[in-house]
Amino acid sequence: MQHEAVASSAEQVQPSGEEVRDRTNDFAFKLANVNGTGSASANGLIMQAIFRMGIPVSGKNLFPSNIQGLPTWYEVRVNAKGHTARTSVYDLIVAMNAETYARDIREVRPGGYVLYDSTWPLSPSLSRDDVTFLGVPYAQLCNEHFTEVRERTLMKNIAYVGTLVALFDIDMDIVTGMLKEKFARKPALMESNAKAIKLGYDYAREHFDCPLPMKLEKMDATKGSILIDGNTATALGCVYAGATVAAWYPITPSTSVLDGFKAFCETYRTDKATGEKRYCILQAEDELAAIGMVIGAAWNGARAFTSTSGPGISLMSELIGLAYYAEVPAVIVDVQRVGPSTGMPTRTQQGDILLCAYASHGDTKHVLLFPANPNECFSFAVKAFDLAEKLQTPVFLLSDLDIGMNDWVVPRLEWDENYKPDRGRVLSKEELLALPTPKYYRYSPEDEYGVAARTLPGVHEKGSFFTRGSGHNKLGGYTEIPDEYQEVMDRLARKHRAARNLVPPAIIEKRQGATFGVLTVGGCDPAVREALETLEERGVHGDFLRVRGFPFGDEVEAFLAEHEVVYVVEQNRDAQLRSLLILETSVPKEKLRSITAYGGFPLQAHQVIEGIALP
Amino acid sequence: MSYIKKPLVRHPSLRTNQLGLTVRDYEGAMSTLCAGCGHDSITAAIVRAFFELDTPPHMVAKLSGIGCSSKTPAYFLSGAHGFNSAHGRMAAIATGAAAANRKLAYIGVSGDGDSLSIGLGHMSHAIRRNVKMLYIIENNGVYGLTKGQFSASADVGSKSKRGEANAQAPIDPVMLALGLGATFVARSFSGDKAQLVPILKAGLLHDGFALIDVISPCVTFNDHEGSTKSYVHTRKNQVPIVQTDFVPLAAEITAEYPEGSVAKVTTHDGTTIHLRKMAADYDPTDRTRAMTMLRERQAAGEIPTGLLFLDSTGGTEMHRGAKTVSTPLVDVPFDELCPGRDALEKLQAAYR
């Protein structure tokens, strides 16, 4: 029976397995495509439509490190409760890649659905009797209705959007409205997109029982939210912080930070009449140069940044040490990917925590900011510049591919019109002349944070000093005298320690009767929250802490002290965050239990639940 | 530069420049280089050039990498901000600095180790970007600070102090710069202050990247018989191809050149460079001819010196190419950089 069902394209077969139940606004589906076929815009359309229906949604791009031809997946999860972590339990698969049919079909949960292109019959060997196969002859339909070869390929993707609109009961007006916005200046494209959607939609209405048990109903849970990726938000943060010099070397997955920065600067910082630009973007010859340019620009008083990923940090480490020791501000955006070495460039990980915390040789320690979503990417980017200049030191914004390149539903970005950049201690000409000493000394006297006033080239002769990466004393002069060297190194340690009260404080959520704590970082946030909520329903209570900065604040110390057991959830093999906690707090290491996921895909709640040994 | 500590009192007869500063005001700390080091002579020429250009010291940023040469910015212009960075990275740091503030004068001092090995890529790209700066290579063909290894500019057959002969062909920074499209390429000799000072002045005012390769013998490791960068060898084989005189904008042109033909090159700010051609048919504005001439002379064992190539327009300097605003970026007020709340509100309509 399955054999025939699969082979006959339009027949709907009811599953024989699990009972079909109402899954309104609570299901997940996966779209399997071929990289480079234009599926991204089709998938984005669906995601955005659900968002505009007011339903919490997340989309995860699982794409290969390849320009064209390899399999690529996009996963969408809708959840009325707001759980937007990745889930690999799929209620429906859109199988558009014959190469991966076998695997894709296997992944649908019992009772689920497979939507596929029935222009060609599916191999009988792929059949399953516990899922429903929905065949739509997309290639055939598009060949009949479109004349251009390229259109015939691209519109197959748009056509499945139409089918999903029917199957999930997506508001068609919303989809039409989005097309109008998207192709406002390209009416021909709008027309063909609308036509393709209608093809897929009409076919589904005619042949299937629409909608499916998994369907969508309007809510207002996304009011006041936006759908944005972390890299765009980071770029915007750099613009709002007043960064004027950006130096970088292309690397996945951070490239879109600079693409975004450039686009926003063209909009907001380019004089329409003269074409003059109030920014300078330098595509460096390598990462060594990129960070060098940032250091040169920041030494000269500009807010400067670079964006890179793990391999870039490896290359930049030498000069990061220079900036640390010479006390030059620098903002380094690290959109982490899978390491070591080239690793998996299009997969996510939190594998640069230790590298960034201690980048460079000798005793170096850096300030890290850990955003968990695009909203924090924006605000922490601004914070990174303030801290870099206040502390006169490199500051890392440690994002990752999941945050950076996936679309997240987050609260609207807000901007305080009273914001003034914290430029730290920079002496003006007048302040220089009013100094009680006949000369200016670079590294004395220090303030409560261990920071001395700096001066900028070109301001006044009295402010001149010699920046060096070689041994220097507290006055800035060259030294090889042990005591003088140590005095500076000790101050740098004090300065780093002072930063614990300046980085964003940890988010802490406590529960009645909690018997353990869970500590996590960055993009693990939604999965950990979901896990704790699920456990709560089972009567297991845990407290939650998400660190947002390094050095760790006193609240992190307190949290560690007040729990017998703290699970540390992170996405790397060697439990780098746990190591950092052991090294940099007074927690006994026995207390810290590690839960790691590091295969390259975003963390899922079940991985956290399985890692917690239930009492 | 001062190798011997000088008295603090100022001799009343010391000449002052238009800013009322004496040449002493352009000096720096005491040199810690070996007595007789060519680099100290270059330092003296730099001091002289800035003094003669009436440059306010604080409007200069002096940068370097690592090596003997890279120590020298400490020895001139104590009134300027200095940055002794990391090995080979000076060009990148100078590029960023120039991006941030286009009103300062940038002078980068480097060595053959710093520029032609570890920093070759950075130097090449600074040339390619045409960053407005004076880039000096103090070229001695040897690693001094690590005690005598061959550098990438050591000539074939050049002998180490222990007598070992270098087998690998050198990288010639002048040929490299010409090939990369540099708009100002010169070579000089640390022992020829008369030639070096005007070239430094012209290079400082050049509206683009100016490269000067200065042969500067290492007295400790590479100033012996068998070295092709010793004083004796350089003196014997140096051939000034072009004699340069630099005439500042404000000064009257008084220089006369009775012998040979004189090419007058007016730079972007109206200052003039006089190039007296030693070789009658040499045209220092022809890149191809310059490269050919260099190859021929080098094959003959000569070290051609002088301003070898000049594009007086400066070419497409980094900021001109990028259309950066004329106000230095560090001086652009924050409210011109931050789009503000309303713009953010409006923008977010696109993310609905």
Side-chain angles (χ1 to χ4, degrees), chain A residues 51-52 226-228 236 239-242 244-245 247 264 268-269 271 275-282 284-286 288-290 292-302 304 318-319 322 412-417 419-421 455-461 463-470, chain B residues 29 56-61 63 66 73-74 77-86 88-101 103-104 121-122 124-125 128-129 318-319 322-330 332 334 336-341 343-345 347-348 350-352:
Chain A
F51 167 74
R52 287 196 181 184
I226 53 167
L227 188 64
I228 194 169
L236 207 49
V239 173
Y240 271 74
T244 49
V245 177
F264 291 129
Y268 298 120
R269 302 256 194 90
D271 191 299
E276 282 189 333
K277 299 172 194 296
R278 293 191 297 279
Y279 62 95
C280 183
I281 296 173
L282 296 156
E285 55 271 27
D286 51 39
L288 300 88
M293 290 167 183
V294 168
I295 291 168
W299 174 74
N300 238 349
E318 176 201 37
L319 287 185
L322 170 72
R412 285 176 78 94
L413 310 179
E414 288 185 5
W415 185 249
D416 176 5
E417 287 289 62
Y419 169 81
K420 290 271 173 293
T455 59
L456 302 178
V459 171
H460 190 268
E461 196 166 335
S464 67
F465 70 94
F466 203 68
T467 304
R468 46 166 57 91
S470 50
Chain B
H58 74 283
M59 295 306 286
V60 177
L63 302 101
I66 296 290
L77 262 70
S78 56
H81 268 65
F83 198 152
N84 181 204
S85 62
R89 312 284 171 244
M90 177 270 284
I93 289 170
T95 301
N101 189 346
K103 79 179 168 196
L104 301 180
H122 299 318
S124 301
H125 284 269
R128 184 175 159 253
R129 271 186 203 98
M318 179 175 74
H319 281 294
K323 289 197 171 165
T324 323
V325 66
S326 54
T327 311
L329 288 172
V330 284
V332 177
F334 178 70
E336 288 181 24
L337 299 172
C338 179
R341 185 162 59 193
L344 188 63
E345 285 293 309
L347 174 73
Q348 289 185 87
Y351 297 95
R352 284 289 304 168

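Quick note on labels: first sequence line is chain A, next is B, and so on, each numbered from 1. None of the values given here were measured: they were computed from a predicted structure.
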Proximity breakdown for [X] and chain B, heavy-atom pairs closer than 4.5 Å:
| X | result |
| --- | --- |
| Ala290(A) | neither |
| Phe51(A) | side chain |
| Arg52(A) | side chain |
| Arg269(A) | side chain |
| Val294(A) | neither |
| Leu227(A) | both |
| Asp271(A) | neither |

Region of [X] in contact with chain A, defined by heavy-atom distances below 4.5 Å:
| X | answer |
| --- | --- |
| Pro56(B) | neither |
| Met318(B) | side chain |
| Arg128(B) | neither |
| Ile66(B) | neither |
| Ala343(B) | both |

Of the non-hydrogen atoms in [X] and [Y], which two are nearest, and what is the gap between them?
| X | Y | answer |
| --- | --- | --- |
| Gly301(A) | Val330(B) | C-CG1, 3.5 Å |
| Ala100(B) | Ala302(A) | CB-CB, 3.6 Å |
| Tyr279(A) | Thr324(B) | O-CG2, 3.9 Å |
| Ala98(B) | Asn300(A) | N-ND2, 4.4 Å |
| Phe466(A) | Phe83(B) | CE1-N, 4.2 Å |
| Ser464(A) | Ser78(B) | OG-O, 2.9 Å |

Which of the residues [options] is involved in the greatest number of heavy-atom pairs with chain A at under 4.5 angstrom?
| options | answer |
| --- | --- |
| Gly88(B), Ala99(B), Gly340(B), Ala322(B) | Gly340(B) |
| Ala94(B), Ala350(B), Ala61(B), Ala80(B) | Ala80(B) |
| Met59(B), His122(B), Lys103(B), Lys323(B) | His122(B) |

For the residue pair [X] and [Y], establish whether any side-chain heavy-atom pair is separated by less than 4.5 Å.
| X | Y | value |
| --- | --- | --- |
| Arg412(A) | Arg352(B) | yes |
| Leu322(A) | Ile93(B) | yes |
| Trp415(A) | Cys338(B) | yes |
| His81(B) | Thr455(A) | yes |
| Leu329(B) | Cys280(A) | yes |
| Leu344(B) | Leu413(A) | yes |
| Leu337(B) | Arg278(A) | yes |
| Leu456(A) | Asn101(B) | no |

message: Let's test your reading of the structure: which of Leu288(A), Asp416(A), Val459(A) forms the most heavy-atom pairs below 4.5 Å with chain B?
response: Leu288(A)
field: Between Gly463(A), Ala284(A), Pro457(A), Ala247(A), the one whose heavy-atom pairs under 4.5 Å with chain B are most numerous
entry: Pro457(A)
- prompt: Where do Glu318(A) and Arg89(B) land on the salt bridge (Lys or Arg N to Asp or Glu O under 4.0 Å) test, with the steps shown first?
  reply: CA-CA 10 Å; Glu318(A) 176 201 37; Arg89(B) 312 284 171 244; 2.8 Å; yes
Any donor-acceptor pair under 3.5 Å from Glu417(A) side chain to Arg341(B) backbone: yes
message: Using only atom types and a distance under 3.5 Å, with no angle test, would you say the side chain of Thr95(B) pairs donor to acceptor with the backbone of Met293(A)?
response: no
- request: Evaluate whether atom CD of Glu336(B) has more than 12 neighbouring non-hydrogen atoms of other residues, nucleotides or ligands under 6.0 angstrom away.
  value: yes
message: With rounding to the nearest 0.5 angstrom, report the CD1 to CG distance, Ile228(A) to Leu347(B).
response: 7.0 Å
